[in-house]
Structure formats: C-alpha cells, structure tokens
Amino acid sequence: MFSKHNAPKPQDPRLKAITEAIRVVPHFPKQGIMFQDITTLLLDHKVFKDTIDIFVDRYKDMGISIVAGVEARGFFFGPSIALAIGSKFVPLRKPRKLPGEVISEKYDLEYGSDCLEMHVGAVKHGDKAIVIDDLVATGGTLSAAITLLERGGAEVVECACIIGLSHFKD
C-alpha cells in the first residue's frame with residue numbers, strides 16, 4: 001500500500017486481514033490472469049474500514065487538497081479518503097464518461113492502450129494530490145494519472161494502491 005519508507009508495520013494485523021479479504025479468481029478475464037477481486041474486501045465492513053483508515057492515517061496531516069481516484073475501483077476508496085482528510089475527490093474516468101470539457105491522457109497497458117480523462121478546472125496550480133487505485137501492475141495507468149493531474153497544475157505527492165503485483169503474466 002505504501003513505499004518501504006512509510007508503510008504500516010508489517011505486523012499490523014489489519015494488513016493480514018486485508019490481504020485475506022481479497023479473492024483471487026484464476027483465469028479471469030482471460031487464461032493466465034490471476035484476477036485480484038477487491039469486491040470481497042468491500043463486503044467486510046471492518047476490513048473495508050481498516051483499509052480506508054490506513055490511508056487516512058498516512059495522508060491526514062500531509063496537506064493533501066486532491067484525492068484522485070482512477071476508474072473504476074479507485075472510486076471505491078477515494079471518496080471516503082477525501083472526506084476523512086478534508087480534500088476534494090477528483091474522478092479520473094475512461095473516455096466519454098465525463099460531461100463538459102475534459103483533458104485526456106493516453107497510455108499503454110500490458111494488453112493494449114487506454115485513456116483517462118479529467119474535467120478541465122478540477123485541479124489548479126498549487127493543489128497537492130494523491131492518486132488512489134486498487135492495483136498497480138506495470139504502472140501505466142498511474143503514470144497517466146500523474147501526468148493528467150500535473151497538466152492541470154497539481155503536484156502529485158504519492159500514488160496509493162491496495163495491491164501491488166511484483167510481476168505480470170500475459
């Protein structure tokens with residue numbers, strides 16, 4: 001969930017419960033993929049709250065003004081974190097999901113390419129942002145999110161994910 005310099009203590013029992021609450025679905029959405037299903041984490045009130053609390057503990061005193069959530073699973077965690085630390089929530093969406101004027105950032109994935117969009121004016125120069133998503137595999141989506149927020153004028157302080165994959169299998 002964090003870098004090695006700022007992570008909760010490995011013996012924190014919340015981390016074990018969070019890990020155990022995530023269901024692994026073999027061969028979904030295609031053969032060879034071990035899908036990390038966080039919906040099972042969301043079904044356990046205590047584990048879901050502990051997940052949010054770990055992020056809140058990390059960010060509450062860092063002067064964060066923007067919590068940006070990556071569609072779609074970043075939307076499960078981002079708004080709760082934003083409310084708890086007194087920040088705005090900015091959704092980073094897939095193409096053609098936001099009404100009005102947007103800025104876009106294309107990126108490559110391990111299996112193709114995609115794009116994130118953000119409302120023009122959602123962030124401003126001087127905003128301090130964090131990016132929330134459920135999982136980091138290759139980092140392509142998070143890199144696009146950082147670029148998008150920086151183009152809007154924000155300083156991205158950190159990216160935070162529930163799951164980090166050490167390798168990706170095609």
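On a predicted model such as this, the values are computed, not experimentally measured, just so you know. We number each residue from 1, following the sequence as shown.
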Would Ile64 and Ile81 count as a side chain to side chain contact (heavy atoms under 4.5 Å, CB included) here? Give the steps.
CA-CA 11 Å; Ile64 303 299; Ile81 296 165; over 6 Å; no

Taking Lys88 for the side chain and Ala122 for the main chain, is one N or O donor matched with an acceptor at less than 3.5 Å?
yes

So, do Phe77 and Phe48 have ring centers that fall under 6.0 Å from each other?
yes

Gap separating the [atom1] atom of [X] from the [atom2] atom of [Y], nearest 0.5 angstrom:
X      : Y      : atom1 : atom2 : result
Met62  : Ser87  : CE    : OG    : 11.0 Å
His125 : Glu150 : NE2   : CD    : 12.0 Å
Lys106 : Leu116 : NZ    : CG    : 12.0 Å
Glu101 : His119 : CD    : NE2   : 9.5 Å
Leu142 : Leu92  : CG    : CG    : 10.0 Å
Asp53  : Arg58  : CG    : CZ    : 15.5 Å

Quick check: is [Y] connected to [X] through a chain of hydrophobic side chains (ILVMFWY, heavy atoms under 4.5 Å apart)?
X      : Y      : answer
Ile38  : Ile52  : yes
Ile132 : Leu135 : yes
Val120 : Leu148 : yes
Ile66  : Val102 : no
Val67  : Leu98  : no

Does the side chain of [Y] come within less than 4.5 Å of [X]'s, by heavy atoms?
X      : Y      : result
Glu117 : Ile103 : no
Arg93  : Phe75  : yes
Ile163 : Val136 : no
Glu158 : Val156 : no
Ile130 : Cys159 : no

Given the rule in the side chain to side chain contact (heavy atoms under 4.5 Å, CB included) test, do Met118 and Leu149 qualify, once you have shown the distances and angles that lead to the verdict?
CA-CA 8 Å; Met118 175 180 73; Leu149 290 160; 3.8 Å; yes

Is there a side chain to side chain contact (heavy atoms under 4.5 Å, CB included) between Thr51 and Lys49? Walk through the geometry before answering.
CA-CA 5 Å; Thr51 304; Lys49 183 180 183 317; over 6 Å; no

Any side-chain donor near an acceptor of the partner, Ser65 and Asp127, under 3.5 Å
yes

Sole candidate of Asp134, Asp133, Asp37 that passes salt bridge (Lys or Arg N to Asp or Glu O under 4.0 Å) when paired with Arg73:
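For Arg73, the salt bridge (Lys or Arg N to Asp or Glu O under 4.0 Å) check succeeds only for Asp134.
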
Does Ile33 form a side chain to side chain contact (heavy atoms under 4.5 Å, CB included) with Phe28? I'd like the steps, not just the answer.
CA-CA 6 Å; Ile33 301 293; Phe28 182 83; 6.0 Å; no

Which heavy atom of [X] sits nearest to which heavy atom of [Y], and what is that distance?
X      : Y      : result
Phe35  : Pro29  : CD1-CD, 4.4 Å
Gly74  : Pro79  : O-CD, 4.1 Å
Phe55  : Ala160 : CE2-CB, 3.4 Å
Ser113 : Asp108 : CB-OD1, 3.8 Å

So Lys46 and Asp44, salt bridge (Lys or Arg N to Asp or Glu O under 4.0 Å) or not? Walk me through it.
CA-CA 6 Å; Lys46 181 178 180 344; Asp44 185 324; over 6 Å; no

Are there more than 12 heavy atoms of other residues, nucleotides or ligands under 6.0 Å from atom NZ of Lys97?
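No, not enclosed.
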
Nonpolar side-chain network containing Leu83, other nodes, edges under 4.5 Å:
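Members besides Leu83: none; it forms no cluster.
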
With sequence neighbours left out, what residues match Lys94 under side-chain hydrogen bond (donor to acceptor under 3.5 Å, both in side chains)?
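Here the qualifying residues are Tyr107, Asp114.
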
Going through the distances and angles, do Thr147 and Glu105 end up as a side-chain hydrogen bond (donor to acceptor under 3.5 Å, both in side chains)?
CA-CA 7 Å; Thr147 301; Glu105 186 65 33; 4.7 Å; no

